[in-house]
Structure formats: structure tokens, C-alpha cells
Amino acid sequence: MATLSAAAATVDGTGSRTLHANSPDSKKIVGVFYKANEYASLNPEFVGCAEAALGIRDWLESKGHQYIVTDDKEGPNCELEKHIHDMHVLITTPFHPVYVTAEKIKKAKNLQLLLTAGVGSDHIDLKAAADAGITVVEISGSNAVSVAEDELMRILILVRNFLPGYHQVIDGDWNVAGIAHRAYDLEGKTVGIIGAGRIGKLLLQRLKPFNCNLLYHDRLMISPELEKETGAKFEEDLDVILPKCDVVVINTPLTEKTRGMFDKERIGKLKKGVLIVNNARAAIMDTQAVVDACSSGHIAGYSGDVWNPQPAPRDHPWRYIPNHAMTPHVSGTTINSQANSPDSKKIVGVFYKANEYTSLNPEFVGCVEAALGIRDWLESKGHRYIVTDDNCKEGPNCQLEKHIHDMHVLITTPFHPVYVTAEKKKKAKNLQLLLTAGVGSDHIDMKATADAGITVVEISGSNAVSVAEDELMRILILVRNFLPGYHQVIDGDGNVAGITHRAYD
Ligand SMILES: NC(=O)c1ccc[n+]([C@@H]2O[C@H](COP(=O)([O-])OP(=O)(O)OC[C@H]3O[C@@H](n4cnc5c(N)ncnc54)[C@H](O)[C@@H]3O)[C@@H](O)[C@H]2O)c1
């Protein structure tokens, strides 16, 4: 589960996200994206820039929200600073990140939701956000394919020594030896993946046909099926895996554990002449240790798209290291990843049936008949939305069972829960997102879903007021001994002492 803070929820790449559906009032939403300038109009699908504003302006405004978009995020007079005091939602990306410090969070008195339109929320002070009760969301898996493909490309660029040949062409030169003296095949090389999550697993699958020796290190082992499919071998100890690798690819998040994980000492444990690909986060590396190891040749090539800080200043030392194949932060922002999986998803919702109560209140949306009130919206996005109350408690022929094998998203509630067991998860081969329309996801086998890389989301805080009010009512009912009096009324009795002998303030 990709939960990021105490109050966090995560959505997957379907675009199916609910922004406080229980708060009908208008929100001020600020989006901070890079400016595309002359590139903005070249492709209608290019929505990840300030000009196209993620393509959600019409939708947000139709819901009555105010949507302010800018690229201007630095300094005391920047555009972001003008809105920080009263914004409710901040949407930012790792490609042009707002560094959401504790100081910024303190100023943002109305902030409820920090949404990362991408993966990796290390630009946010998660502790400060959690302490302030702010939900932090990222779009897990939205760009995993984009990054895995990009990493495969970078491995080949380094191993085959592509860039010197390209520069020869640009410069009018021709010198095959200048390239070939350090160009290799990938076949037979040992490639170590550090962090085999969504991206790491896809990379292992993509590397399989190259006949490499594949190793991986993670806190968790991948499934035996995937180990068998890819031939990848697990190594528990980072310091044992590193000296074995000709190529190291880093795919862990930046956390307090991984910050500076590749310092001088650890880089010293790498094989001499190792090639490194890092699209994860730059601060996982010690910047100067990378410069030194590249300069000495201990690292023979370094490629990645992540920098510390971003945008990288003109004098960032990694711009000048030998044999680098660096780019700006682009791998996870292809047109495909910006659309967050444009392909249609099969979404199954399981809610209780309301029968004769359905039509009594148009705001009563939590039942099968009203289907959370999101059918039109989901279908307008091209998704298929199947809703049932038949949730498999009653055996193998239930409605849910008919869709379990190819559904992408399962929406359920704690009020009529689907018990998502390891067995169900195994059948649900396409499942990407388990959305609890409420709070409390204990009906889900978290370990099995985490192992399968399925995102689990709940709408934190959506019913906190409802539950707190209900609890207050129950306290009063008990303390004041309400129910015996009520029953006397129903039963035609009248006996004050029968109530008051145990009624208190
Ligand atoms: N360059 C880009 O455009 C881009 C795009 C997407 C993601 N990313 C980066 O890649 C990271 C990974 O993305 P993902 O979608 O694969 O995430 P993920 O959560 O699916 O996988 C991360 C994996 O790292 C492992 N891990 C965490 N801490 C570890 C530690 N201390 N030691 C060993 N393993 C550890 C986890 O167990 C998990 O398997 C993101 O956090 C983000 O920083 C970069």
C-alpha cells in the first residue's frame, strides 16, 4: 500500500479520484507545473504543463472549484506564495516540484490535500503534513511503464557507449575506435535492481530477453512467479549485491533510510567500471561521491533524470562528469503517463442495496442504485462501471466473481464490505486499485495486496464528522439512560423511576 502519511490516500493511474466528495463547498485548488511555452500547442495530449493544467480545468470548474495554475514557485513574491494562505488543494509534480516544507505548511492554513501528479512525494515534508492532518496523495503506478522503458534505454545507452558516436555525427567526425573501445553487449552482464517495486518489476521483465544475470535487492521479495518468469535472484544484503553488478539500477523511493544510501563508502563497494542508472531520486546518491567516482573511472557511466535540487542549476557538477548520459527529469512524464493510462478500465463497485429507499433522497449515493453518483463521470472517461451488492459472501456464482478476473478497480465500503482475501487477490490478475469509499480498509488483506503491488486507497477523513457526532449521541444515550424511556413510550408504559434511577448528567 502506498500510503504516504497518517491521513494519506493514493489513487492509481485511472484518473478516478474523488476530491472530498463530501464537501459540496468550492475549493481553491492550486496547480504548479512546468511551463511548456512554444511546445504547449504541439500536441493536444500534452497535458502535464502549466498551459494545459493537467487537462482538468473544465472538470474542476464545472464542480464549482477555483483552479489557479502557475509555474512560478520560488521566492517570497512568487505566484504560489500569493495563494498559499487560502488554498485547499495543491497539485504539484516531481518534474517541477514545489518543495513543501514545514514552513510552507504552516502558512497554508486551509490546506487539506497535497496531490502529487506522478510518483514520489519526497518534495513534501511528510511529517509536517501528517501533523497538520493534510492528506498526501500520489498517482502510484501512473508512470511505471514510462520509467522502466526509460531505464532500459539508459542501460543500453551506457553499455553500448551510444553518446560519443552521436556527438561524432553532430561534430562532423568519424572515429569508430573512439566508440568501440568501450562498447559492450548487455547479454551476459550482471544487472542489479535496487528496489523492485512497480518500476523495478517491470524493468526485470523487460531485461529478461537480454539474457543477463538478473539480481535484485528490496525490503520485500517479489512473487515466486515473477522470480521464475524473470530468473531474477534476490539478495537481502545491499553490500553483498553491489560488488557483483556490472550495471546497477536504483528504484527505491527517497526516504530517511535511502537518503545518501550511495555515499563514498558504498560507492567504493561497487565493481570498478560499474554503470549506474538512477531515475529514482538524486538525493539517494551523495552528489560529490558520484562526481569523484566518475572522475576516477570507478563509475564508468552514470545516467538518470533526477537531480538535487530541481531544476538543476547551470553549475550543477553532474552536468560536467565524464561519461554521463543525464537528462532533465523526464522519464515519468511521457504523453502516455500524463494521460495516466488512457486505456479504459473495468471498475467494479460493491455497495448495499437501498431498494425502496433509493428514490427518497437524491443525495443518498452510497447504495447500489446510486452507485456513489460517479457513473456518468467514469463513463465519460471511457471506463466501464459495474455495480452490484452481490459480494461473494454467498458463494462462487455471485456477480463479483464474474468480474474478478479482469477488473482493474474494486470500490467497496466498510458498510457492505468485500473481504478481499489473498485468494480473491490471486484471481484478480488485473487489479490495480482497491478503493474503500469510507475509512477503514481492514476488510482487505494488506500484505497480499502489497505483495501484488495493488494500491489501496481510502477517503481519509470523509466521515470523521459523522462518526464523531454519532459517538457523542451514543454517549448521551447511555449516560442519560434514554432507551428505557423510549421503550416505555412504545410499549404504552410510564414509569419515571424506571429511567431516572440510573440517568446521569
Ligand atoms: N524519474 C521519474 O520520472 C520517476 C517516476 C516515477 C517514480 N520515480 C521514483 O521511483 C521510485 C520508485 O517508484 P515505484 O513506482 O517503483 O515505487 P514502488 O513503491 O512501487 O517501489 C519502491 C520499492 O522500493 C522498495 N524500498 C523502499 N525502501 C527501501 C529500502 N530502504 N531498501 C530497499 N528497498 C526499498 C520498496 O519495498 C518497493 O518495492 C519512486 O519513489 C520515485 O522516487 C521516478
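Numbering of ligands and ligand atoms starts at 1, following listing order. On a predicted model such as this, the values are computed, not experimentally measured, just so you know.
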**Request:** State the atoms of ligand 1, each with its element, that fall below the 4.0 Å cut-off from a heavy-atom position in Gly332.
**Result:** 2 (C), 3 (O)
**Asked** Which bit of Arg281 gets closer than 4.0 Å to ligand 1, counting heavy atoms only: side chain, backbone, both or neither?
**Response** side chain
**Request:** Please could you name the atoms of ligand 1 that Asn143 approaches to less than 4.0 Å, counting only its heavy atoms?
**Result:** 5 (C), 6 (C)
**Asked** What part of Asn251, side chain, backbone, both or neither, has a heavy atom within less than 4.0 angstrom of ligand 1?
**Response** backbone
**Message:** Over 60° means perpendicular and under 30° means parallel, so tell me whether Trp377 and Trp59 are parallel, tilted or perpendicular.
**Reply:** parallel
**Asked** Under the 3.5 angstrom rule, does the side chain of Glu51 hit a backbone N or O of Ala40 as a donor-acceptor pair?
**Response** no
**Message:** Please tell me whether Arg154 and Thr327 have a donor and an acceptor in their side chains that are separated by less than 3.5 angstrom.
**Reply:** yes
**Request:** Flag Asp122 as yes when one of its N or O atoms lies below 3.5 Å from any N or O atom of ligand 1, and as no otherwise.
**Result:** no
**Asked** Would you call Asp185-Arg160 a salt bridge at under 4.0 Å N-O?
**Response** yes
**Request:** From the options Ala280, Gly195, Pro253, select the one whose nearest heavy atom is closest to atom 22 (C) of ligand 1.
**Result:** Pro253
**Prompt:** Which bit of His329 gets closer than 4.0 Å to ligand 1, counting heavy atoms only: side chain, backbone, both or neither?
**Reply:** side chain
**Prompt:** Any donor-acceptor pair under 3.5 Å linking the side chain of Glu81 with the backbone of Cys78?
**Reply:** no
**Item:** Proximal atoms of ligand 1 relative to Asp305 (non-hydrogen, under 4.0 Å)
**Value:** 1 (N), 2 (C), 3 (O)
**Item:** Close N or O approach (Asn279, ligand 1; < 3.5 Å)
**Value:** yes
**Prompt:** Asn143 side chain to Thr333 main-chain N or O, any donor-acceptor pair under 3.5 Å?
**Reply:** no
**Atom indices of ligand 1 within 4.0 angstrom of Ala196 heavy atoms, with elements** = 39 (O)
**Fill in**
Nearest non-hydrogen contact to atom 25 (C) of ligand 1 from the set Ile199, Asp218, Ile139, Val119 belongs to Asp218
**Item:** Numbered atoms and elements of ligand 1 in range of Phe95, under 4.0 angstrom, heavy atoms
**Value:** 3 (O)
**Plane angle bin for Trp318 and His316 - parallel if under 30°, tilted between 30 and 60°, otherwise perpendicular** = perpendicular
**Asked** Does the N or O separation between Thr252 and ligand 1 drop below 3.5 Å for any pair?
**Response** no
**Prompt:** Is the shortest N/O to N/O distance between Thr333 and ligand 1 below 3.5 Å?
**Reply:** no
**Message:** Considering both backbone and side-chain atoms of Thr258, is one of its nitrogen or oxygen atoms within less than 3.5 Å of a nitrogen or oxygen in ligand 1?
**Reply:** no
**Prompt:** Which atom pair, heavy atoms only, marks the closest approach of Gly200 to Asn251?
**Reply:** CA-ND2, 3.8 Å
**Prompt:** Does Ser331 have a heavy atom less than 4.0 Å from any atom of ligand 1?
**Reply:** yes
**Request:** Grab the two heavy atoms, one from Lys208 and one from Thr230, that are nearest each other, plus how far apart they are.
**Result:** CD-O, 3.4 Å
**Request:** Please determine if Val306 has a nitrogen or oxygen closer than 3.5 Å to a nitrogen or oxygen of ligand 1.
**Result:** no
**Asked** How does Ser146 reach ligand 1, if at all, at less than 4.0 Å between non-hydrogen atoms: by side chain, backbone, both, or neither?
**Response** neither
**Message:** I'd like to know if the side chain of Thr93 and the backbone of Gly118 have a donor-acceptor N/O pair within less than 3.5 Å.
**Reply:** no
**Prompt:** Do the side chain of Glu79 and the main chain of Asp72 share a donor and acceptor less than 3.5 angstrom apart?
**Reply:** no
**Request:** May I ask whether Thr255 places a heavy atom under 4.0 Å from ligand 1?
**Result:** no
**Prompt:** Taking all atoms of both residues into account, what is the closest heavy-atom pair of Val274 and Cys245, and its distance?
**Reply:** CG2-O, 3.7 Å
